[in-house]
Amino acid sequence: MEKIRTLRGFRDIFGEELEKFKRIERVFRKYSDLLGFREVELPVLEKTELFVRSIGDTTDIVEKEMFTFTDVGGDSLTMRPEATAGMVRSYLQEGLYATERMTKVCSVGPMFRHERPQKGRYREFHQIDVEVFGVKEAIVDAELIFMIRMLLDELGIDRYRIEVNSVGCKTCRESFRKVLIDFFETRKSELCEDCLRRLERNPLRIFDCKNEQCIRVTGDSPLLFDSLCDECKDHFTLFQGYVKEFGIEVDINKRLVRGLDYYTKTVFEVTSEDLGAQKAFMAGGRYDNLVEEMGGPATAGIGFAIGVERLAMLVPASREKEDRGCFFACVGDRARDHLISILKACTTEGITLRYAYEAKSLKAQMRYADNLKCDFVLILGDDEIEKGIITLRNMSAKTQQELPLDPQKVVMEIKRQVIGNR
RNA sequence: GUGGGUGUAGCUCAAAGGUUAGAGCAUCAGGCUGUGGUCCUGGGGGCUGAGGGUUCGAGACCCUUCACCCACCCCA
């Protein structure tokens, strides 16, 4: 019979990788709390329309990467491919725009995109998401960069670049679009097939192309950054100044563009050369029109997402020594009768107690205990029972002592030695 | 969706068309009474990803298919 395995791009996450996930979340929650973010948990499944309207119906995500199906009632439903859409929906649905002057929220969970898997890219992947609604001032843009910096520092990651850019607002982007199309029309013959398609669709994304020839062309092209309107220019200048005050170095990448339609003004990406081709592991930006476009009041917004799988690849393996607890080795049926009382006492007092469920030779049990890297082994057999004692062996010190056969006293002694071990 | 690479034991990999497909690691059991790691001995474990073909003979060669990996597109 064929083994059933996970769907393509879906994985079991466990062991060392899961430990890194947990560490990342722990560090994240520390700073999201400190900076006043409120955590929310949102549905994984939403109406398809939510994503079509927010992400943009000509983006690749919406066109070919969503897990979409029709449910029994006939509605088109979609497994969320990113977090911001749901966050905006929730902000509007819960009426937060009316009850607080600004809103800082964050969320952690799985996202789904129907893409071809590769290094650092899966169909089910995890994002940590941060959003601020109702603040148009550039100081909050810088605050998010600061937050990113604190996270990276505490996680012990130092090989990365923070790239920033401005993609302007509706007005400056529209007028620039025409300039850009005119330019590329004159150089059409030099562009690759993909870029010719981009020219029709979204010419800004030609800047993303990895083809050398195209890169040469874009080198000669006018840049959106250089034709920002005064408001957008001022916003970016302020942002830069605040970032500098935080003492954070960022690289201005005037070619940086994002794949989602809703971004305005500030955009940023954190990249690492240690990740393979998918080198961006955090990214975000401002979206000052999105809330209104989704049917809410005109409300500024900004946020970013962390790709947890990608970030985990950069997190150094933790070398914290974990407490492997104690093993109970028993010889003979009479000894087994004491198992439950000892297990109860240990568990109550916070000591991990493990033992062999099936009867085995003492040698086998010792081997097992060693295998589990237990720090202590309790040995109980007929000899001990006769004398009313139990043997406690310290595995690393290779010493052992006799204790009275009393679960409470045994547990107290182990606790005392555990503290001494540290 | 497109291109390239790889599929052999739980894991990492051998076997240049010729016996019964091997090794290391892992696992389990022994090495005289009830004591772990090192060492020694032994055991279990495989439809060689699947299906077809060529051949006296296929893990190997050919075709098909599936899976995984990497890359493109795009994105975290």
Side-chain angles (χ1 to χ4, degrees), chain A residues 1-11 24 55-56 58-66 80-84 108-130 192-195 197-198 201-202 205 208-211 257-260 268-272 275-285 303-314 327 329-332 335 356 358 360-385 391-400:
Chain A
M1 200 160 52
E2 201 179 322
K3 273 186 207 161
I4 296 176
R5 38 175 308 135
T6 52
L7 299 171
R8 168 176 291 175
F10 287 69
R11 309 177 311 135
I24 288 167
I55 299 169
T58 61
T59 57
D60 278 50
I61 292 181
V62 169
E63 277 191 341
K64 54 178 196 187
E65 293 174 0
M66 297 204 300
R80 61 181 183 194
E82 60 100 46
T84 304
V108 178
M111 305 293 156
F112 304 86
R113 287 183 202 172
H114 197 278
E115 300 176 277
R116 201 74 181 246
Q118 71 187 70
K119 190 178 176 69
R121 172 199 287 166
Y122 306 98
R123 289 186 174 182
E124 181 186 34
F125 60 102
H126 295 77
Q127 283 193 347
I128 290 174
D129 187 69
V130 169
C192 71
E193 245 176 80
D194 289 323
C195 282
R197 213 175 327 118
R198 292 184 180 110
R201 281 293 176 78
N202 188 345
R205 277 196 244 155
D208 263 344
C209 190
K210 288 168 186 164
N211 183 306
V257 293
R258 317 254 36 249
L260 285 66
F268 50 89
E269 265 184 21
V270 188
T271 60
S272 168
L275 286 178
Q278 308 305 320
K279 58 185 188 154
F281 62 99
M282 296 185 180
F304 72 90
I306 300 172
V308 180
E309 281 82 355
R310 290 182 190 177
L311 179 55
M313 290 195 279
L314 302 173
F327 190 93
C330 51
V331 184
E358 71 281 41
K360 279 173 173 265
S361 71
L362 180 60
K363 183 193 181 105
Q365 292 182 77
M366 291 301 289
R367 206 161 20 213
Y368 188 24
D370 186 58
N371 220 322
L372 294 170
K373 298 188 168 43
C374 291
D375 297 318
F376 301 97
V377 176
L378 284 168
I379 301 168
L380 186 65
D382 290 340
D383 297 355
E384 282 86 357
I385 291 172
T391 302
L392 175 64
R393 181 173 176 82
N394 181 322
M395 292 297 270
S396 49
K398 297 181 187 183
T399 56
Q400 53 191 55

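Lettering follows sequence order; numbering is per chain, from 1. Since the structure is predicted, the reported quantities are computational estimates derived from the model, not experimental observations.
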Let's test your reading of the model: under 3.5 Å, does the base of [N] pair with the side chain of [X] as donor and acceptor?
X: A:Glu115; N: B:A76; value: yes
X: A:Gln400; N: B:U35; value: yes
X: A:Arg121; N: B:C74; value: yes
X: A:Lys398; N: B:G37; value: yes

Phosphate-side-chain proximity, [X] and [N], N/O vs OP1/OP2 below 4.0 Å:
X: A:Arg8; N: B:A67; value: yes
X: A:Arg258; N: B:A76; value: yes
X: A:Gln118; N: B:C72; value: yes

Using a 4.0 Å heavy-atom cut-off, does [X] contact any base of the nucleic acid, only the sugar-phosphate backbone, or nothing at all?
X: A:Ala280; result: sugar-phosphate
X: A:Arg205; result: sugar-phosphate
X: A:Gly332; result: nothing
X: A:Gln278; result: base

- Is any NZ, NE, NH1 or NH2 atom of the basic residue among A:Lys279 and A:Glu269 found under 4.0 Å from an Asp or Glu carboxylate oxygen of the other?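 The answer is no: the pair does not qualify as a salt bridge.
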From CD of A:Glu65 across to C1' of B:A76 the rounded distance in Å is 12 Å
A:Arg5 atom CZ is separated from B:C68 atom C1', nearest whole Å, by 7 Å
Paired with B:C61 by Watson-Crick or G-U wobble geometry, both distances under 3.5 Å: which nucleotide is it?
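Looking at the geometry, B:C61 pairs with B:G53.
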Letter by letter from the 5' end, nucleotides 25-31 of chain B scores (B base, S sugar-phosphate only, - none; protein heavy atoms under 4.0 Å) --SSS-B
Considering only heavy side-chain atoms of A:Asp383, the closest of B:G36, B:G34, B:C72 is B:G34
Among the nucleotides B:C73, B:A76, B:G36, which one has an atom lying closest to any side-chain atom of A:Leu260?
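Comparing B:C73, B:A76, B:G36 against the side chain of A:Leu260, the answer is B:A76.
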Applying side-chain contact (heavy atoms from CB on, under 4.5 Å) between A:Phe327 and each of A:Asp370, A:Val377, A:Ile379, report the one that passes.
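For A:Phe327, the side-chain contact (heavy atoms from CB on, under 4.5 Å) check succeeds only for A:Val377.
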Check your understanding: Quick one: does A:Glu309's side chain get under 4.5 Å of A:His126's, heavy atoms only?
Key -> yes
Report yes if some heavy atom in the side chain of A:Arg80 is under 4.5 Å from a heavy atom in the side chain of A:Met66; otherwise report no.
->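 No, side chains not in contact.
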Determine the interatomic distance between [atom1] on [N] and the same-named atom on [M]; round to the nearest Å.
N: B:G36; M: B:G31; atom1: P; answer: 11 Å
N: B:C28; M: B:C69; atom1: P; answer: 30 Å
N: B:A58; M: B:C62; atom1: C1'; answer: 11 Å
N: B:U8; M: B:G59; atom1: C1'; answer: 7 Å
N: B:G57; M: B:A15; atom1: P; answer: 25 Å

Applying side-chain contact (heavy atoms from CB on, under 4.5 Å) to A:Arg8 and A:Arg123, what does each step give before you reach the verdict? CA-CA 7 Å; A:Arg8 168 176 291 175; A:Arg123 289 186 174 182; 3.7 Å; yes
inquiry  = Quick test of the criterion, 5.5 Å between centres and less than 30° between planes. Is A:Phe125 stacked on B:A76 or not?
reply    =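 Stacking is present between B:A76 and A:Phe125, given that their ring centres fall under 5.5 Å apart and the planes under 30°.
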